[in-house]
Amino acid sequence: MSHDQASYLELLARGAAAEAYDRPLLLARASGAGPDELAALDQAKQLALRVRAELEGRRRREAELSALFETAHDLAGLRDLDAVLRAIVQRARSLLGTEVAYLSLNDPSAGDTYMRVTEGSVSARFQQLRLGMGEGLGGLVAQTARPYVTDSYFDDARFEHTRAIDTAVRDEGLVAILGVPLMLGSQVIGVLFAADRRARVFEREQVALLASFAAHAAVAIDTANLLAETRSALAELERANEIIRDHSGVIERASDVHDRLTEVVLRGGGVHDVAAALSEVLDGTVEFTDYDLEVTGADGRAIRHGDDWVAAVSAGGELLGALVLRGHRDLDPVDQRTLERAAMVTSLLLLARRSAHEAEQRVRGELLDDLLDAADRDPRLLRERAARLQADLDVPHVVLAARIDTAGADGSGRDAGGRGGDAAATGERETADRQRLWSAASHLAATRSGLAAARDGGTVLLLPLGPSDSASDLARQTARQLGCTLRELVTVGASSPVAAPAGDPGPIAGAYEQARRCLDALRLLGRSGQGAAAQDLGFLGLLLADPGDIDGFVRRTMGEVVEYDRKRGTDLVRTLDAYFASGMSPARTKDDLHVHVNTVAQRLERIGRLLGPDWQSPGRALEIQLALRLHAMSTSVAR
């Protein structure tokens, strides 16, 4: 081996560029080497270049294998799909020596393709590109499921050019583009690209390398999808387990409630026992109440009322009371249903108790009938019968007449209110209404230590009068409670108090007639659904009440004016009489009284303050004039 041939080994050893292999041959020619020597050098040069190419190929394959190994390693520890895809695109760009590499994925829901990862891109338009299926070089790759390469994108007519794609490619400055499909089985899910901003030819080895990276990318995407599906399935299983646990808890709680309520019913417990058992189950305070029933719903469902929960206790359209749960601002559906079921059990207990009391109520009605119809009954026997019913007839009582308002003041039937039907149906409804009213009134009378009976198409009650109550108060309370219970307008008229019904039953019948007249007057005045006593109806009440209450009427109507004159020696009563006598003319009033008109004005102003701002309204004026006449009569008789 000559010195010049050995120089090629030195070039190979230091990895010199291909151009350096021409230097030994040129030096030999310059030194006058013969043809044989030049031929041997040329042969050595060709052999050295082949060895160099083989070494370069080995190094390149080594780098490719190393990159593929690293990619496989990334896939084995897949945590972030975006990070793995980004690494694949970066390695493809580096190994192929391209200026840009990118990966697009198909979006089946939108029916197009979008850029998922880009590397080396400088155009925002290109990075955000979305293109329809089958468009551009990527569309050709997706359609054929084969790699495609173009040396000059804008001069290639094999694929469909669109304005959007061409504009984005032009913005990025791309010329040569290689695209390989991302395959899952036989389905193309996207495309992996390598591109340059200058014309170039991609070798077969480079196409194969990019295809290998595309296969890894497809595996990464498939793995990520499987992981996502697995996580989703695990999450669904966890939710299913939670639902099963919740349902198991619901069943256990429902069984506990059923056992407790069954125990209460079997041992003959009452509504308060139900409330106590429910308090333990719901971990709160449950109470039964028969007041403020208007807050409960009519459909049996538990509803919010402030910070409490209320469930109506009803049966046959009649509201019997309510279960109130306190201390639970938020209540889950299971506990709501528990409260509703307890309300149903409570209604059954109340109905059973009511059935047991029906006989007692009939006895109460018979006693009241005897008080109304037989005034000569032995007081001792009346007291004994009342004592068995826990009623004390030696205290003041009020007689109340109650009726459901099924007809207007003109006597028209339910059809006037849109509730009527044929005569038979109307009769049946009225009979049912009377029965419901009697039942509710009997229950109310029993709770108030009173008596109740069905009478004259309505109900009559005899209720004790409390120390701080009046007949008017009792009438209003009774109308409200019966109306709330029956969900109907119930009108109640009250009599004046009867001192001691047991000692002298005689006034009971007269008091009942007075209460009936008051009831009729309320309906005539359009005050159906209200409760009142005769004294609440002005001069009309005077006609309905005891005629001996004239002084009471005068006192209620103009007593403050009379008292003002008595204490201060003024003449307001006389001024009031002259004012009405003169047709409510201050000018004529001052002539009758022989005073200045300003004096009349001052007196009228004082009267207005005493009687109220509406004292000159037609109704009030009529009552005041009647009271003036009665006052004058009573004063004249006294003299």
(message) For V100 versus R197, what's the shortest heavy-atom pair and its separation?
(response) CG2-NH2, 3.5 Å
(request) Search all heavy atoms of G138 against all heavy atoms of V191 and return the closest pair with its distance. (result) O-CG2, 3.8 Å
(message) Can you tell me how far apart OG1 (T150) and CG (D155) are? Round to the nearest 0.5 Å.
(response) 7.5 Å
(message) Taking the side chain as everything from C-beta on, heavy atoms only, tell me whether Q206 gets closer than 4.5 Å to T98.
(response) no
(request) Indicate yes or no: at least one non-hydrogen side-chain atom of L103 is less than 4.5 angstrom from one of L182. (result) yes
(message) Minimum heavy-atom separation for A145 and V188, please, with both atom names.
(response) CB-CG2, 3.8 Å
(request) Quick one: pull up CG in D151 and CD1 in I177 and give me the separation to the nearest 0.5 Å. (result) 11.0 Å
(request) Taking the side chain as every heavy atom from C-beta outward, state whether F202 and L209 have any atom pair closer than 4.5 Å. (result) no
(request) Please work out which of the three classes, parallel, tilted or perpendicular, describes the rings of Y153 and H161, given edges at 30° and 60°. (result) perpendicular
(request) Answer yes or no: is there a donor N or O on one side and an acceptor on the other, between the side chain of T491 and the main chain of G529, under 3.5 Å? (result) yes
(request) State the CZ-CG distance between R130 and D112, to the nearest 0.5 angstrom. (result) 4.0 Å
(request) Determine whether F288 and V313 make a side-chain contact, defined as any pair of heavy atoms from C-beta on separated by less than 4.5 Å. (result) yes
(message) With a sphere of 6.0 Å drawn around CZ of R476, does it hold more than 12 non-hydrogen atoms of other residues, nucleotides or ligands?
(response) yes
(message) Taking the basic N atoms (NZ, or NE/NH1/NH2) and the acidic carboxylate oxygens, is any pair closer than 4.0 Å for R125 and E172?
(response) no
(message) Which heavy atom of P181 sits nearest to which heavy atom of P147, and what is that distance?
(response) CD-N, 3.9 Å
(message) For Q46, I'd like to know if atom CD has over 12 heavy atoms of other residues, nucleotides or ligands within 6.0 Å.
(response) yes
(message) Could you tell me if the side chain of V180 sits less than 4.5 Å from the side chain of V141, heavy atoms only?
(response) no
(request) To the nearest 0.5 Å, tell me how far E160 CD sits from L131 CG. (result) 10.0 Å
(request) Before accepting this row, confirm whether a basic side-chain N of the pair E119/R86 lies closer than 4.0 Å to the acidic partner's carboxylate O. (result) no
(request) Answer yes or no: is there a side-chain heavy-atom contact under 4.5 Å between Y102 and L174? (result) yes
(request) Write down the atom of D196, the atom of E99, and the distance for their closest heavy-atom approach. (result) OD1-N, 2.8 Å
(message) Determine whether a donor-acceptor pair (N or O, by modelled atom type, separation under 3.5 Å) exists between the side chain of E135 and the backbone of I165.
(response) no
(message) Less than 3.5 Å apart, any donor N or O on the side chain of Q127 or S121 sitting next to an acceptor on the other?
(response) yes
(request) Kindly say whether V219 contributes a backbone atom to a donor-acceptor pair with the side chain of T223 at under 3.5 angstrom? (result) yes
(request) Look at atom CZ of R163 and say whether more than 12 heavy atoms of other residues, nucleotides or ligands are closer to it than 6.0 Å. (result) no
(request) Would you check if the side chain of R29 reaches a backbone N or O of L38 as a donor-acceptor pair within less than 3.5 Å? (result) no
(request) Decide whether a cation-pi geometry holds between R146 and Y148; the criteria are a distance under 6.0 Å from NZ or CZ to the six-membered ring centre and an angle within 45° of the ring axis. (result) no
(message) Does any part of the side chain of D107, heavy atoms only, come nearer than 4.5 Å to the side chain of T113, both counted from C-beta?
(response) no
(request) With the side chain counted from C-beta on, respond yes when M133 and Q143 share a heavy-atom pair under 4.5 Å apart, and no when they do not. (result) no
(message) Just verifying a value: how many Å separate Q481 CD and Q477 CD, rounded to the nearest 0.5 Å?
(response) 6.5 Å
(message) To the nearest 0.5 Å, what is the distance between OG1 on T338 and CG on L325?
(response) 10.5 Å
(request) Specify the closest pair of heavy atoms between A342 and V274, including all atoms of both residues, with the distance to one decimal. (result) O-CG1, 4.1 Å
(message) Whether the R527 and Q530 side chains hold a donor-acceptor pair (N or O, under 3.5 Å, no angle test) is what I'd like checked.
(response) yes
